[in-house]
*Asks:* 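Structure in C-alpha cells, see below.
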Amino acid sequence: MGILFSTLVFGPACGFILGSLCTKIYVDAIFIDTSKLDITPEDPRWIGAWWGGFLLCGVLLFFSALFMFGFPQSLSEGGAKGGAKNQQPMLPTNSGLPQDYEGSKPSNGVLCHTDPGPSLSCCQQLRVIPEVTKHLLSNPVFTCIILAACMEIAVVAGFAAFLGKYLEQQFNLTTSSANQLLGMTAIPCACLGIFLGGLLVKKLNLSALGAVRMAMLVNLVSTACYVTFLFLGCDTGPVAGVTVTYGDETLRVGQKPEVVCMRNCNCYTASVRPVCGSNDVTYLSACFAGCTRANLTGCTCISSDISNAAAVPGKCPSPGCQEAFLIFLCIICVCSMIGAMAQTPSVIILIRTVSPELKSYALGVLFLLLRLLGFIPPPLIFGAGIDSTCLFWSTVCGDRGACMLYDNVAYRHLYVSIAIVLKAVAFLLYATTWQCLRKNYKKYIKNNEGYMTPTELFSSNLTLDNVGKDLDQNPAHRTKFIYNLEDHEWCENMESVL
C-alpha cells in the first residue's frame, strides 16, 4: 500500500513542473507574436498558458486508456486456487461461524465457496447499500479514522492549492519559480514519507493500536512544523496609497488619488505593475509614482528632487526575506515527509476494523468522503480566508477584480492557522480511535488479528478436550478455533481426530 500511494504522488509532482513550464509561455502565444510583448513572466500582468497542461494530460490519458482494451472481459478462474468463484453477500452474517469457514476445504486448507448461490439483482444491490453504509458508520473506529483522514487530506488540498500564491506573496517569487520549487522538493518528500510509513508498518509489524499511535505521533510532529511557518515570511512593506499615504491622501478602490504629483496623470487600477522608488517605498505602477519618462526617472511622487526621483521594476525587497525562504523550504520538505507517513497506517487501521467481505466497500466509502470532505470545501475555506486579507483590489469598469496586494502578516497567520486547526481536529480523532481500541480491542478489530496467540491459548480455559466436547453443541466454534491456528495441514489432521 505504501508503494501504491507513493507512486500516485508522482502525478502532482510532474503537474507542478509542467505548470511551471506552461506559465513561462504567454496565454495567447499561438495567436499573437510574443516578441512584440512589452511584458515578461515576472510582470504581474503576465498570464501563462494555463491550457497547455490540460491538453497534454488529456492526450496522455487518451493513449494510456487504450491499453485498458487489452484486458479480457472477465478474469480467468483457472489460476485461482480452488477453481471456484466467491460470491458471498456484502452484509456480514450474525452467525457464530463466519462465511469464510463455510463450504468445502481443498487439500491446502484454504476454504472456498463452491456453491455461489443466486446472484443479487442490481436493485437488490442498491437497496443493501444504505444498510451496509449504516453498519460501517456505526463503528466509531471506522468513522473516526475516515474523518481524521479527511482532515489530513484537507490540509494538503487547501494548503497546496494556494502554496504557489503564498510563495509569491511572502517571498516575492514568480509563479513559475514557485511551482518548480514545489514540484522538485515538497512533493518528492511527501512521496518518500508515504513509502516510509508503509515500510515502518511492515518492519515493526504494527498492530492497529500501534498504527494509530504512529499516526498520532507523526501528526504532532507535522503540526509543530506548521507552527514554525507562522514566523517565516516577509512583511508587506510600505506601499504608497495603501499602507502609507501620499502625504495625507490614501488610495481608494476605483478612485484616483488627488495629489499634486499626479495631477496630470491618468492612472488606472485595473492592473498594477509595482515599482520600487528610491525612497524604499513601493508604488502600484510607474504612473502612481509620478514617473514621466520611459526609464522610470523624473518620478515626482517619490521626491521633489527630480535628479534623485527614480524607480526600478518590482516590489521593494524586505530585509532577511531570502534567508527566511531557505528555512521555509527546508521545513516544508520535512513537514511533507513526516505528515505523509500517516497515510498508510490510517488505511491499515481502516481495513482491519471492518469484516473481510466489507473491505472493498469500506475503501470506496473512504475515497468518496475524501473527495467530498477533503478536496472540495478546504480550497473554498482557504480562499475565503486569503481574500479577507486583501489590501487593494483591482477594478475593471467599476467592478472589483483580482486582489493586487495582501497584508502579508495577516495572510500568513490566517493561512497557516487554518491548517493547524485541521491538524488539531485530526489529532483528536486519532486520539478517540486510540481510546476505543485501547478499551475494547477485540471488539473493533475483525481482520488479520482475530486469531489466538500462543500466550492467549495457554492462558485460557479452552482446551482440545473442551473443543471436542463442544462439537455437538457448536461445531462452528471448533472449526473456527482450529483454523485460527493457521497451520492448515495440521488443522486437517486435528479435525479428523476430533
*Asks:* Do Met214 and Leu200 touch side chain to side chain, with heavy atoms closer than 4.5 Å?
*Replies:* yes
*Asks:* Counting distance only, does the side-chain N/O of Thr23 pair as donor-acceptor with the main-chain N or O of Gly48 below 3.5 Å?
*Replies:* no
*Asks:* Is the shortest heavy-atom distance from the side chain of Val281 to the side chain of Tyr283 under 4.5 Å?
*Replies:* yes
*Asks:* Ala324 and Gly233: which non-hydrogen atoms are nearest, and at how many Å?
*Replies:* CB-N, 4.3 Å
*Asks:* Between Phe159 and Ile418, does the side-chain contact (heavy atoms from CB on, under 4.5 Å) criterion hold? Intermediate values first, please.
*Replies:* CA-CA 9 Å; Phe159 204 81; Ile418 295 175; over 6 Å; no
*Asks:* Measure the CD1-CG distance between Ile327 and Leu232 for me, rounded to the nearest 0.5 Å.
*Replies:* 6.0 Å
*Asks:* Looking at SG of Cys276 and NZ of Lys315, how far apart are the two atoms once the value is rounded to the nearest 0.5 Å?
*Replies:* 11.5 Å
*Asks:* For the pair His413 and Thr389, evaluate side-chain contact (heavy atoms from CB on, under 4.5 Å) and give the outcome as yes or no after the intermediate values.
*Replies:* CA-CA 10 Å; His413 288 171; Thr389 64; over 6 Å; no
*Asks:* Less than 4.5 Å apart, any side-chain heavy atom of Thr236 and any of Val409?
*Replies:* no
*Asks:* Quick check, are the ring centers of Phe229 and Tyr226 under 6.0 angstrom apart?
*Replies:* yes
*Asks:* Quick check: are there more than 12 heavy atoms from other residues, nucleotides or ligands sitting under 6.0 Å from CZ of Phe171?
*Replies:* yes
*Asks:* Run the numbers on Val275 and Phe288 for side-chain contact (heavy atoms from CB on, under 4.5 Å), then give the verdict.
*Replies:* CA-CA 9 Å; Val275 296; Phe288 283 103; over 6 Å; no
*Asks:* Just to verify, what does Ile338 make a side chain to side chain contact (heavy atoms under 4.5 Å, CB included) with, not counting sequence neighbours?
*Replies:* Val218, Val221, Val334
*Asks:* Identify the two heavy atoms, one from Thr282 and one from Pro274, that lie closest to each other, and give their separation to 0.1 Å.
*Replies:* CG2-CB, 4.1 Å
*Asks:* Does the Cys144 SG fall under 2.5 Å from that of Cys436?
*Replies:* no
*Asks:* Under 3.5 Å, side chain of Trp51 to main-chain N/O of Val27, donor-acceptor pair present?
*Replies:* yes
*Asks:* Is the shortest heavy-atom distance from the side chain of Tyr406 to the side chain of Lys165 under 4.5 Å?
*Replies:* yes
*Asks:* Could you give all pairs that pass the disulfide bond (SG atoms under 2.5 Å apart) test and reach residues 333-373, with sequence neighbours left out?
*Replies:* none
*Asks:* So Ile332 and Leu163, do their side chains get closer than 4.5 Å, heavy atoms only?
*Replies:* yes
*Asks:* When you compare the side chain of Asn219 with that of Lys423, does any pair of heavy atoms fall below 4.5 Å?
*Replies:* yes
*Asks:* Is the distance between the ring centroids of Tyr166 and Tyr411 less than 6.0 Å?
*Replies:* yes
*Asks:* Is any side-chain heavy atom of Leu363 closer than 4.5 Å to one of Val347?
*Replies:* yes
*Asks:* The criterion is side chain to side chain contact (heavy atoms under 4.5 Å, CB included); which residues satisfy it with Phe63, sequence neighbours excluded?
*Replies:* Val59, Leu66
*Asks:* With ring centroids as reference points, do Phe162 and Tyr415 lie under 6.0 angstrom apart?
*Replies:* no
